[in-house]
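The structure under discussion appears below in the form of structure tokens.
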Number of protein chains: 2
Amino acid sequence: MYEQLKLDNQLCFRLYTAARLIAGAYGPYFETLGITYPQYLVLLILWEKDQQPVNDIAKRLYLETNTVTPLLQRMERQGLVTRVKGEVDTRQRIVCLTEAGKAMEEQAKDIPNQLGAEVVKHVSADELKGIIPFLDKLIEGLRD
Amino acid sequence: MYEQLKLDNQLCFRLYTAARLIAGAYGPYFETLGITYPQYLVLLILWEKDQQPVNDIAKRLYLETNTVTPLLQRMERQGLVTRVKGEVDTRQRIVCLTEAGKAMEEQAKDIPNQLGAEVVKHVSADELKGIIPFLDKLIEGLRD
DNA sequence: TCGATTTCAGTCGTACACGACATAAAACAT
DNA sequence: ATGTTTTATGTCGTGTACGACTGAAATCGA
């Protein structure tokens with residue numbers, strides 16, 4: 001039995017599990033809104049700045065375009081966004097919020113704090129603050 | 001623009017991204033072995049203790065059985081495990097390593113350290129140590 | 001300027017991940 | 001003992017994720 005092969009010694013497993021469980025904790029909120037976690041991330045990006053090409057959204061999420069494209073197509077079917085041909089660069093597809101997509105920001109604005117309250121039951125806000133730079137360095141380092 | 005809705009203020013997005021990027025960093029190693037990241041986790045569990053029912057594996061990974069079952073079926077097709085009916089409780093399916101599955105432990109034993117060396121290029125080993133209890137508390141709290 | 005290269009978005013195939021549901025077997029209650 | 005409930009596993013449908021690849025458009029290079 002190699003010590004380094006124990007599941008409990010794997011940082012990666014903890015990250016993978018924590019990410020899934022937190023996404024799961026968002027579940028009830030997203031169900032109400034009729035969206036999923038990755039769709040929520042796309043909305044966050046578009047609420048910050050509307051009308052972005054697929055590529056910018058994908059890069060921001062560190063996802064491949066072949067993941068983001070179907071995701072956006074589903075969001076378009078649900079009436080949250082539209083995808084219009086770029087005028088300057090016709091290869092691009094510019095993703096724009098619909099009125100329904102814009103309106104959802106009001107519905108979503110309390111979600112982070114409610115989730116935060118849930119999380120802080122288990123870990124202190126200070127610990128939470130400490131984790132952020134660590135994850136940022138990790139992400140930056142593995143970005144490729 | 002609600003401050004709490006900025007992507008950069010979301011802990012969850014960092015966890016989600018870090019988990020995906022680390023799993024991606026494992027990619028080349030797994031490709032050599034012909035397995036995936038979740039399959040690797042199952043192998044870790046079985047290398048610790050062979051012959052476990054589906055449910056124990058699922059609980060250990062915090063996954064649903066309807067995720068683990070197909071995963072095990074694929075691993076069976078690849079000749080890494082067998083799934084035999086439980087003798088005490090015939091509802092159970094006991095998952096057993098094949099010789100190929102056991103042999104893979106030798107092939108995998110250096111992966112964690114090699115990955116660790118990669119990660120430590122970007123974050124110190126101390127920071128890494130500090131993150132573990134945080135993630136454990138988070139996971140325990142959200143376990144449900 | 002025009003052929004080679006790169007970039008943008010997309011399709012396709014495979015593998016998770018999970019909610020809803022199904023089925024059989026074990027455990028429980030009366 | 002037998003009907004009810006719970007448990008273990010599984011199927012099915014939907015939605016990510018990503019590698020390999022494609023087609024069209026922009027860019028680059030000689």
Side-chain angles (χ1 to χ4, degrees), chain A residues 13 16-28 30-42 52-59 61-78 80-81 83-95 144, chain B residues 12-13 16-28 30-42 52-78 80-81 83-95 144:
Chain A
F13 172 59
Y16 157 80
T17 302
R20 274 190 311 105
L21 293 183
I22 290 208
Y26 274 103
F30 292 154
E31 207 167 341
T32 307
L33 298 178
I35 58 176
T36 65
Y37 179 66
Q39 290 175 11
Y40 170 72
L41 295 180
V42 169
Q52 297 192 50
V54 175
N55 220 14
D56 288 15
I57 296 172
K59 281 200 164 61
L61 297 176
Y62 304 94
L63 287 171
E64 303 300 319
T65 60
N66 56 1
T67 296
V68 176
T69 291
L71 203 159
L72 291 171
Q73 290 169 338
R74 283 185 287 268
M75 292 178 76
E76 187 169 39
R77 260 181 265 133
Q78 292 178 254
L80 293 172
V81 300
R83 290 149 63 245
V84 302
K85 268 215 167 69
E87 293 184 356
V88 200
D89 186 335
T90 65
R91 290 172 304 180
Q92 291 184 333
R93 284 279 212 158
I94 311 297
V95 183
D144 289 346
Chain B
C12 181
F13 172 60
Y16 156 82
T17 302
R20 275 191 310 104
L21 293 184
I22 291 209
Y26 274 104
F30 292 153
E31 206 166 343
T32 308
L33 298 178
I35 59 176
T36 65
Y37 179 66
Q39 290 175 13
Y40 170 72
L41 295 180
V42 169
Q52 298 192 51
V54 175
N55 219 13
D56 288 16
I57 296 173
K59 280 200 164 62
R60 192 81 195 284
L61 297 176
Y62 305 94
L63 287 171
E64 305 300 320
T65 60
N66 56 3
T67 296
V68 176
T69 291
L71 203 159
L72 292 171
Q73 289 170 339
R74 283 185 289 269
M75 292 177 76
E76 186 168 40
R77 260 181 266 135
Q78 292 177 255
L80 294 172
V81 301
R83 291 150 61 245
V84 302
K85 269 217 166 69
E87 294 183 357
V88 200
D89 185 336
T90 65
R91 290 172 304 180
Q92 290 185 333
R93 284 280 214 157
I94 310 297
V95 183
D144 290 346

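Proteins get letters first, then strands, A, B, ... in listed order; numbering begins at 1 in each. Computed from heavy atoms alone, side chains included, the values below leave out hydrogens, waters and symmetry copies.
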Given that A:Gln73 and A:Lys59 both sit by DNA chain C, which one's nearest nucleotide is further toward the 5' end? A:Lys59
Regarding D:dT7, can its base be found pairing with the side chain of B:Arg91 as donor and acceptor, where the two atoms are less than 3.5 Å apart? yes
If you measure from CG on B:Leu71 to CD on B:Glu76, what distance do you get to the nearest 0.5 Å? 12.5 Å
To the nearest angstrom, how far is B:Asp56 atom CG from D:dA8 atom C1'? 11 Å
Supply the atom-to-atom distance B:Thr69 OG1 to B:Asn55 CG, rounded to the nearest 0.5 angstrom. 9.0 Å
Start at the 5' end of DNA chain D and walk down; is the nucleotide closest to A:Asp89 or to B:Val54 reached first? B:Val54
Just wondering, do A:Leu61 and A:Val42 contact through their side chains at under 4.5 Å, heavy atoms? yes
How are the rings of A:Phe30 and A:Tyr26 set to each other: parallel, tilted or perpendicular (split at 30° and 60°)? parallel
In whole angstrom, what separates A:Tyr40's OH from D:dG15's C1'? 19 Å
Anything under 4.0 Å to a heavy atom of chain B counts; send over the first and last such nucleotide of DNA chain C, read 5' to 3'. C:dA15 to C:dA26
Interface polar pairs with nucleotides 17-21 of chain D, N/O, under 3.5 angstrom:
from: D:dA17; atom 1: OP2; to: B:Tyr16; atom 2: OH; distance (Å): 2.5
from: D:dC18; atom 1: OP1; to: B:Arg20; atom 2: NH1; distance (Å): 3.0
from: D:dG19; atom 1: N7; to: A:Asn66; atom 2: ND2; distance (Å): 3.0
from: D:dG19; atom 1: O6; to: A:Asn66; atom 2: ND2; distance (Å): 2.5
from: D:dA20; atom 1: N6; to: A:Asn66; atom 2: ND2; distance (Å): 2.8

Check whether any side-chain heavy atom of A:Phe13 lies under 4.5 Å from a side-chain heavy atom of B:Tyr40, and answer yes or no. no
Give a yes/no answer on whether the side chain of A:Gln39 brings an N or O atom under 4.0 Å of OP1 or OP2 in D:dT16. yes
Atom CD of B:Gln78 and atom CD of B:Gln73: how far apart are they, to the nearest 0.5 Å? 12.5 Å
Minimum side-chain heavy-atom gap B:Leu63-A:Arg20 below 4.5 Å: yes
So what does B:Thr90 hit on the nucleic acid, given a heavy-atom distance under 4.0 Å: a base, only sugar-phosphate, or nothing? sugar-phosphate
Rounded to the nearest 0.5 angstrom, the OG1-CZ distance for A:Thr65 and A:Arg93 is 13.0 Å
Reported CG-to-CD1 distance for the pair B:Leu41 and B:Ile57, which is rounded to 0.5 angstrom: 11.5 Å
So, is A:Thr36 close to the D:dT14 phosphate, meaning a side-chain N or O under 4.0 Å from OP1 or OP2? no
Calculate the interatomic distance between A:Leu61 atom CG and D:dG15 atom P; express it in whole Å. 18 Å
Considering heavy-atom distances to DNA chain D, does A:Arg74 or B:Gln92 have its closest nucleotide positioned more toward the 5' end? B:Gln92
